[in-house]
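A short write-up of the structure that comes next.
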Amino acid sequence: MKAKITINKENIIGSIDRRIYGSFIEHLGRAVYNGIYEPSHKMADNMGFRKDVLELINQLNVPVVRYPGGNFVSGYNWEDGIGDKSKRPKKLELAWLSLETNEIGIDEFQEWAKRAGTDVMMAVNLGTRGPDEARNCIEYCNSETDTYYANLRRSNGFEKPFGIKLWCLGNEMDGDWQICHKTAEEYGRAATETAKVLKWVDPSIELVACGSSDPNMPSFGSWERTVLDHTYEYVDYLSLHCYYGNRANNTLDFLARAEDMDKFIKTTAEICDEIKVKKNSKKTVNLSFDEWNVWYRTKDEEKTMERWQIAPHLLEEKYNFEDALLVGCMLMTLQNNCDRVKIACLAQLVNVIAPIMTETGGKAWKQAIFYPYMYASLYGNGTTLRAKTESNTYSSKENWEIPYLYTSVIDNKEKGEIVVFAVNRSLTDDMELELDGFEGCTLKEHIELYSDDLKAVNSKEEEKISPIKRECDQKLPISLKKHSWNMLIFKY
Ligand code: AHR
């Protein structure tokens, strides 16, 4: 099969905000306890954080990590997780029906974030709580004043403020599974008042309001309009969440979900602009895609799992090779929408629907999705070019014409590099790739992720899915194997 990518270096979509390569750690299952934190592990550091896990996270160069939830945050009292550990309360955690020891809270998490070389994106509880607790929390985290909560932080050993710059106004408040779910009107009002007090305490922060937790929510569209009607002038970003799965075991349909994600982003951006026009506003509300991934095998596990366990094995999705292909495509979708998506979080980072898995007391390893995420974060920096792609197409469930070639092209002027990310979605045919507009560019590296077996998974025993560096033959066209993910680096 033949395919072609045409670029013009002047024709750009926008600059990539590195925060689109963010991730997420929730107090859920073994993400925190027996994930990033395991004081009895032989690799634990002086605070009980696993150094082998930090080393894998460092390889991903994650710019920002959302915390502490997720559904968890809607029942969370942040004060339970500060100060003397021996006095912290053990509580019933209602989002995941687990037991929360509060051994880790914001005091420790912001220390972990420094070790992981990342920033914290903090979510406040707009489920069981509201503006009062949120304003106290931001005073504790960010204030230098001689006042109660700032002094409480000092007395807990943190003289300097944590300086958290990005705050989420609750989580998935459109979903009835949320602890104290709200109507769009109720949420819009609560988010507005919370936004006001947060910015009064620290005007330098940025705020994310909750959009839809899935594009198939019946309220998608009306939720955004009502929430933005209230919050438009007070927030900086609107969130989107989406998880895809291959329940029907139809790989071509599954890989076409990248187009659905694109449509979700574009529709949400249009709604933001519609409200901008309606309000005659000068400001633009951008997007924070702060939960995205493949997730279907381990959904709703908490309903059947024994209740009130500490760090149960929840949502430990085992990612296979076709999941890595879709994750690679979804990253390209984010890059291709970098004019509007400024933040995105792969949900999540460790053990819970995650690129990194750990064995309690044992090894840490990379799941198949680790690699497309790592390469996007390391090489997908600069400006996205508006590339034209030509290839044969197929019909997916929605009957769209889906091109076999899925791609993004990034111009990194600082490094003098054009990076092409490309997935050949054909399950049968290799692809001969022709390039146009690449004059003066020399192909330096071709990294390929491929497996004959779409269902192959990595495990602690064996890494079946790992990238290879292919020989760089200067003679074009380049060959992209059937169902493969590729990264081509051109120097100019
Ligand atoms: O990431 C897992 C869960 O998915 C989050 O807690 C929630 O926000 C979403 O429904």
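All figures in this text were calculated on a predicted structure; none of them were measured in a lab. Along the sequence shown, the residues carry numbers beginning at 1. Counting starts at 1 for both ligands and their atoms, following the listed order.
With sequence neighbours excluded, the residues that form a salt bridge (charged side-chain N to carboxylate O under 4.0 Å, His left out) with D236 are K199.
Scanning both residues, H27 and W96, for their nearest heavy atoms gives O-CD1, 4.1 Å.
A donor atom on one side chain and an acceptor atom on the other are not found under 3.5 Å apart for Y67 and E26. Side-chain contact, Y149 with E79: no donor N or O sits under 3.5 Å from an acceptor N or O.
To the nearest 0.5 Å, atoms OG1 (T101) and NZ (K85) are separated by 8.5 Å.
Residues of the protein with a heavy atom under 4.0 Å from ligand 1 are F24, E26, G70, N71, W96, N171, E172, Y243, E291, W295, Q348, I353, listed by chain and number.
Between the T384 side chain and the I13 main chain, no donor and acceptor come within less than 3.5 Å of each other.
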